[in-house]
K.L.:
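This is the structure, below, for whatever I ask next.
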Amino acid sequence: HGIAAPKSGHWINNPHADCIDYQIESDFAGLMSPGMPNTASKISDKIGHIMNYGDGWYGGVYMGAMYALAFTSNDIQFIVSEGLKSIPNQSRFYKVIQDVIGWHKQYPNDWKQTWFEIERKYTEDIGCPDGVFVPFNIDATVNAAYVALGLLYGNGDYTRTLEITTRAGQDSDCNPSSAGGILGTMLGYKKIPDYWKMGLKEAEPIDFKYTSISLNDVYDLGLKHALQNIQRNGGKVEGENISIMSQQPVPVKFEESFEGHFPIEKREIKKSWTDEFTFDFDGIGFVLRGRVGEGRTASDYVAKGELYIDGKLIETIDLPSNFTTRRHELFWKYQLPYQKHTVRIKLLNPDQEHAVHIEDVLVYSNK
């Protein structure tokens, strides 16, 4: 999830950049780059940075590297450890996965003990407001740890791998999908147990909802792109004979998300916003959480708000009430100087039929 990037004094903040993003990123990058983890990383650099930064991007880099290596190795423990070489060793992401590998060696027959060590050391979230001070966590780092957990303790057993990765929790649709994809790549389609392929043939010609593309189309496109990618990176495609210039993974550049930012307070507000609202905090950043309308609405109403910090207008924003286009948090600001700040928000177009709710505010300090 680590998606806050320093840029011109502001930070990009997308609280929905979760494991599904790095799953898509890694599927594209790794499956188009058989045996070429560094090529996968270059693709991931372009795709992953659309929504992610730092550890959130590393999730895709790591999964992509494991996918690429799974084409050329039949050793799942090698794939997990070798793929980590794509990640800078000073990053938190590297340290988490390195710990999982170490705990697997320490507790080779007890995946639950390793799961507990992950929970105890790494599950406090910073960047996703929904996950701060609560058990919920879509952070790419800890969820990538669950993928590594399943792959290591599954030890090549497809069902066991999916079971462990699912039972680890949190983003437990994406995590077993990544683990199953990587292991399936290593094993090959024919060696995936029939149980996990039930209904697949019947579904392959059906277009995905809201698209004109089916699984069969995806297979053809994936093969086409992979062959082109092989040729662009020194390989040869001569009919059924394909030569790949295999690569040794090298670390991508180092990025750190939310550097020096630590959540210290979650202040409940629970009120309707009809005109102006003001609060003070001591720290370097805040996130004001709330919503426009009730639940999954499809209204056309768009609230318009202004954000003032210490008397200065920072931004004027649109807050759609429609669930598909809404802004997940009302307001946020990071990288402020450490001091007492006054925040004032102003609603420019209140509407009696569309309530705007303020839920709470998260406060960040520099220690």
Side-chain angles (χ1 to χ4, degrees), residues 1-6 17-19 21-23 25-26 29-30 33 36-45 47-49 52-70 73 75-107 114-128 137-153 165 168 170-171 174-175 178-179 182 247-262:
H1 172 83
I3 40 60
D18 67 353
C19 295
D21 301 314
Y22 79 61
Q23 185 188 347
E25 175 190 334
S26 62
S33 309
M36 303 181 293
N38 302 325
T39 299
S41 294
K42 290 179 181 179
I43 298 172
S44 182
D45 188 7
I47 301 172
H49 279 115
N52 302 285
Y53 182 84
D55 288 340
W57 171 46
Y58 294 150
V61 172
Y62 182 50
M63 297 298 147
M66 288 197 289
Y67 267 113
L69 293 166
S73 173
D75 184 344
I76 197 63
Q77 295 189 27
F78 171 82
I79 291 167
V80 171
S81 58
E82 188 74 2
L84 189 57
K85 293 180 180 179
S86 295
I87 307 300
N89 61 14
Q90 68 267 49
S91 67
R92 182 175 184 270
F93 189 99
Y94 182 95
K95 294 178 174 65
V96 173
I97 305 301
Q98 187 64 40
D99 271 350
V100 174
I101 294 171
W103 288 324
H104 174 251
K105 293 177 181 177
Q106 186 176 354
Y107 312 111
T114 295
W115 175 86
F116 178 75
E117 299 296 343
I118 296 169
E119 299 303 294
R120 183 169 62 176
K121 189 172 181 180
Y122 289 117
T123 53
E124 291 185 0
D125 203 351
I126 293 177
C128 175
N137 195 323
I138 59 170
D139 179 82
T141 304
V142 70
N143 284 278
Y146 296 152
V147 175
L149 175 78
L151 289 170
L152 290 171
Y153 283 93
T165 313
Q170 299 296 355
D171 216 336
C174 300
N175 297 335
S178 294
I182 292 163
Q247 301 168 351
Q248 301 296 317
V250 297
V252 297
K253 62 184 178 182
F254 175 64
E255 298 176 348
E256 185 172 359
S257 310
F258 294 96
E259 182 179 6
H261 283 64
F262 304 93

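All residue numbers refer to positions in the sequence shown, counting from 1.
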K.L.:
So which heavy atom on A65 is nearest to which on G83, and how close?
P.N.:
CB-O, 3.8 Å

K.L.:
Check for a donor-acceptor pair, side chain of W115 on one end and backbone N or O of A168 on the other, with a separation under 3.5 Å.
P.N.:
yes

K.L.:
Taking all atoms of both residues into account, what is the closest heavy-atom pair of H261 and E259, and its distance?
P.N.:
ND1-O, 3.0 Å

K.L.:
Closest heavy-atom contact between T165 and V147?
P.N.:
CG2-CA, 4.1 Å

K.L.:
Taking side chain as C-beta onward, heavy atoms only, is Y67 less than 4.5 Å from P37?
P.N.:
no

K.L.:
Without swapping roles, check the side chain of Q170 against the backbone of I138 for a donor-acceptor pair under 3.5 Å.
P.N.:
no

K.L.:
Under the 3.5 angstrom rule, does the side chain of S91 hit a backbone N or O of I87 as a donor-acceptor pair?
P.N.:
no

K.L.:
Decide side-chain contact (heavy atoms from CB on, under 4.5 Å) for Q98 and K95; before the verdict, give the C-alpha distance in whole Å, the side-chain angles of both, and the deciding distance to 0.1 Å.
P.N.:
CA-CA 5 Å; Q98 187 64 40; K95 294 178 174 65; 5.6 Å; no

K.L.:
Looking at S73 and L69, would you say the former's side chain and the latter's main chain have a donor-acceptor pair under 3.5 Å?
P.N.:
no

K.L.:
With side-chain hydrogen bond (donor to acceptor under 3.5 Å, both in side chains) as the test, would you mind laying out the steps for N175 and N143 before giving the verdict?
P.N.:
CA-CA 7 Å; N175 297 335; N143 284 278; 2.8 Å; yes

K.L.:
Would a 4.5 Å heavy-atom cut-off, applied to side chains only, mark H49 and E255 as touching?
P.N.:
yes

K.L.:
Just by distance, do the side chain of S44 and the backbone of A40 share a donor-acceptor pair under 3.5 Å?
P.N.:
no

K.L.:
Has N38 got a side-chain atom pairing as donor or acceptor with V250's backbone, closer than 3.5 angstrom?
P.N.:
yes

K.L.:
Taking the inter-plane angle between the rings of Y62 and F93 on a 0 to 90° scale, is it parallel (under 30°), tilted (30 to 60°) or perpendicular (over 60°)?
P.N.:
perpendicular

K.L.:
Give a yes or no on whether Q248 atom CD has more than 12 heavy-atom contacts from other residues, nucleotides or ligands under 6.0 Å away.
P.N.:
no

K.L.:
Is the closest side-chain heavy-atom distance between L151 and M66 below 4.5 Å?
P.N.:
yes

K.L.:
Okay, side chain of R92, backbone of Y122: is any donor-acceptor separation there less than 3.5 Å?
P.N.:
yes

K.L.:
In the structure I gave you, are the side-chain heavy atoms of V100 and Y146 within less than 4.5 Å of one another anywhere?
P.N.:
no

K.L.:
I would like to know whether Q77 and H104 meet side-chain contact (heavy atoms from CB on, under 4.5 Å); could you show each step before the answer?
P.N.:
CA-CA 10 Å; Q77 295 189 27; H104 174 251; 3.7 Å; yes

K.L.:
For side-chain contact (heavy atoms from CB on, under 4.5 Å), just list the numbers for C174 and D171, CA-CA rounded to whole Å, side-chain angles, deciding distance to a tenth of an Å, and then say yes or no.
P.N.:
CA-CA 6 Å; C174 300; D171 216 336; 3.7 Å; yes

K.L.:
Taking the side chain as everything from C-beta on, heavy atoms only, tell me whether I79 gets closer than 4.5 Å to I76.
P.N.:
yes

K.L.:
For residues V252 and P88, determine if any side-chain heavy atom of one lies less than 4.5 Å from a side-chain heavy atom of the other.
P.N.:
yes

K.L.:
Any side-chain heavy atom of W103 within less than 4.5 Å of one from L149?
P.N.:
no

K.L.:
Looking at side-chain heavy atoms only, is the closest gap between Y153 and Y107 below 4.5 Å?
P.N.:
yes

